[in-house]
Amino acid sequence: TSTNKYPDSGSNALKDAISKKFRLNANKLFIGNGSDEILSIACQLFLNNGGEVIIPKHSFLMFEIYSKISGGVVKQSRTNNLRFNVENILKNISKKTKIIFIAQPNNPTGFYLSKQELKLLITKVPKKIIIIIDAAYSEYVTDKDYSNGINFAKRHKNIIVTRTFSKIYGLASLRLGWC
């Protein structure tokens, strides 16, 4: 395939490759113009005027920007020494909460939720709330106590995991992301 031509509009070859690598159903994959576009589309789909979004303090700035553009009300959860605080995220949930954003690992701090913390968050969040796990930097984490969230997305319909080719593969100019 050449990079100077329009890609297959269904991204079928890419979906098949991702599906094989991560053992995922290709029909449940979405390809976007970078993971940023996917984050924006998710906000457009799930937020409406007054819909609340929980974003831990010191998170990726685009979470807040896309949420506000889509009419969302941003609630910032506290952190402890720059680490996400699961209890505070849960405490911020209201009847208006539509999305919770988790950068896993976080940009810019590099911290992440352990497998146990992520599991606790996912099991305690009501299933009507979408949890978006942005795993753009997941290839840089080698700790066995880390999860990029895909294992949870396979079992829970309210989990969206976003990934990108721009970081580890150095392909930022291609604007290629998936979830």
Side-chain angles (χ1 to χ4, degrees), residues 22 24-25 28-30 32 34-138 140-141 143-164 167 177-179:
F22 294 97
L24 297 167
N25 180 339
K28 293 186 177 186
L29 296 174
F30 178 78
S35 57
D36 270 14
E37 181 189 44
I38 295 168
L39 297 171
S40 174
I41 290 171
C43 287
Q44 292 170 46
L45 284 172
F46 300 113
L47 291 177
N48 51 34
N49 286 334
E52 291 180 353
V53 178
I54 299 172
I55 304 171
K57 190 174 180 181
H58 309 297
S59 289
F60 182 45
L61 183 60
M62 296 312 291
F63 297 160
E64 184 173 345
I65 291 170
Y66 291 136
S67 296
K68 287 181 177 179
I69 287 171
S70 296
V73 175
V74 174
K75 291 173 78 178
Q76 199 173 70
S77 66
R78 288 195 321 261
T79 56
N80 296 337
N81 296 321
L82 301 177
R83 293 182 181 272
F84 296 162
N85 180 322
V86 172
E87 293 300 322
N88 193 257
I89 293 169
L90 295 170
K91 185 179 174 183
N92 274 286
I93 293 174
S94 76
K95 289 181 180 182
K96 292 182 178 183
T97 304
K98 303 291 184 195
I99 298 174
I100 297 173
F101 281 104
I102 299 293
Q104 183 74 354
N106 187 37
N107 168 13
T109 66
F111 292 118
Y112 57 88
L113 294 176
S114 69
K115 287 179 184 176
Q116 199 60 30
E117 290 170 317
L118 192 55
K119 181 180 179 181
L120 175 67
L121 178 70
I122 290 167
T123 57
K124 297 272 186 178
V125 169
K127 301 303 174 217
K128 66 180 177 113
I129 297 172
I130 303 298
I131 301 172
I132 299 177
I133 301 170
D134 180 13
Y137 292 91
S138 65
Y140 295 103
V141 183
D143 191 336
K144 291 184 191 311
D145 197 28
Y146 170 78
S147 170
N148 60 21
I150 290 175
N151 56 325
F152 294 106
K154 288 179 180 181
R155 296 188 309 255
H156 300 274
K157 292 182 180 180
N158 65 323
I159 309 286
I160 297 172
V161 177
T162 60
R163 302 292 298 269
T164 180
K167 309 301 185 247
W178 64 276
C179 70

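Values below: every heavy atom of this structure, side chains too, minus hydrogens, waters and symmetry copies.
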Does the side chain of Arg163 come within less than 4.5 Å of Asn148's, by heavy atoms? yes
Distance from Leu29 atom CG to Cys179 atom SG, nearest 0.5 Å? 8.0 Å
Quick check: do Ile160 and Phe46 have side-chain heavy atoms less than 4.5 Å from each other? yes
Could you walk me through whether Ile122 and His156 pass the side-chain contact (heavy atoms from CB on, under 4.5 Å) check? CA-CA 9 Å; Ile122 290 167; His156 300 274; 3.8 Å; yes
Shortest non-hydrogen separation from Ser70 to Ser40 and the atoms involved: OG-O, 4.4 Å
The reported gap from NZ in Lys75 to OG in Ser67 (rounded to nearest 0.5 angstrom) is 13.5 Å
Counting distance only, does the side-chain N/O of Tyr146 pair as donor-acceptor with the main-chain N or O of Gln104 below 3.5 Å? yes
Around atom CG of Asp143, are there more than 12 heavy atoms from other residues, nucleotides or ligands closer than 6.0 Å? yes
The reported gap from CD in Gln76 to CD1 in Ile55 (rounded to nearest 0.5 angstrom) is 8.0 Å
side-chain contact (heavy atoms from CB on, under 4.5 Å) evaluation trace for Lys124 with Leu90: CA-CA 7 Å; Lys124 297 272 186 178; Leu90 295 170; 3.6 Å; yes
Note, Ile102 side chain near Ile100 side chain (heavy atom, < 4.5 Å): yes
Of the non-hydrogen atoms in Ile89 and Ser77, which two are nearest, and what is the gap between them? CG1-OG, 3.4 Å
Distance, nearest 0.5 Å, that separates CG of Asp145 from NZ of Lys115: 6.5 Å
Please check: side-chain N/O of Glu117 versus main-chain N/O of Ser114, any donor-acceptor pairing under 3.5 Å? yes
Shortest non-hydrogen contact between Pro105 and Gly110, atoms and distance: CB-O, 3.7 Å
Flag if over 12 foreign heavy atoms under 6.0 Å of NZ, Lys144: no
Just so I know, are the side chains of Phe152 and Ser147 near enough to count as touching, which here means a heavy-atom distance under 4.5 Å? yes
For a quick test of reading the model, state the closest non-hydrogen atom pair linking Gly149 to Ile133 and the distance between them. CA-CD1, 4.0 Å
Give the minimum heavy-atom separation between Thr162 and Ser35, together with the two atoms involved. CB-CB, 4.2 Å
Please tell me if the side chains of Val73 and Lys96 come closer than 4.5 Å, counting only heavy atoms from C-beta onward. no
Flag if over 12 foreign heavy atoms under 6.0 Å of NZ, Lys127: yes
Taking C-beta and beyond as the side chain, do Asn106 and Tyr112 meet within less than 4.5 Å on heavy atoms? no
I would like to know whether Lys68 and Glu64 meet salt bridge (Lys or Arg N to Asp or Glu O under 4.0 Å); could you show each step before the answer? CA-CA 6 Å; Lys68 287 181 177 179; Glu64 184 173 345; 2.8 Å; yes
Chi angles and distances behind the side-chain contact (heavy atoms from CB on, under 4.5 Å) call for Leu24, Lys28: CA-CA 8 Å; Leu24 297 167; Lys28 293 186 177 186; over 6 Å; no
Ile132 vs Ile38, test: side-chain contact (heavy atoms from CB on, under 4.5 Å). Steps then yes/no. CA-CA 10 Å; Ile132 299 177; Ile38 295 168; over 6 Å; no
Would a 4.5 Å heavy-atom cut-off, applied to side chains only, mark Asp36 and Tyr66 as touching? yes
Does a donor on one side chain sit under 3.5 Å from an acceptor on the other, for Thr79 and Asn85? no
Counting only heavy atoms not in Lys91, do more than 12 fall under 6.0 Å of its NZ? no
Would you mind reporting whether Lys119 and Thr123 have side-chain heavy atoms less than 4.5 Å apart? yes
Taking Asn88 for the side chain and Arg78 for the main chain, is one N or O donor matched with an acceptor at less than 3.5 Å? yes
Could you label the plane-to-plane angle of the Phe63 and Phe101 rings as parallel, tilted or perpendicular, counting under 30° as parallel and over 60° as perpendicular? parallel
With Ile129 as partner, the option from Ile93, Ile54, Ile99, Val53 fulfilling side-chain contact (heavy atoms from CB on, under 4.5 Å) is Ile93
Closest non-hydrogen contact found for Leu120 with Glu87 is CD2-OE2, 3.9 Å
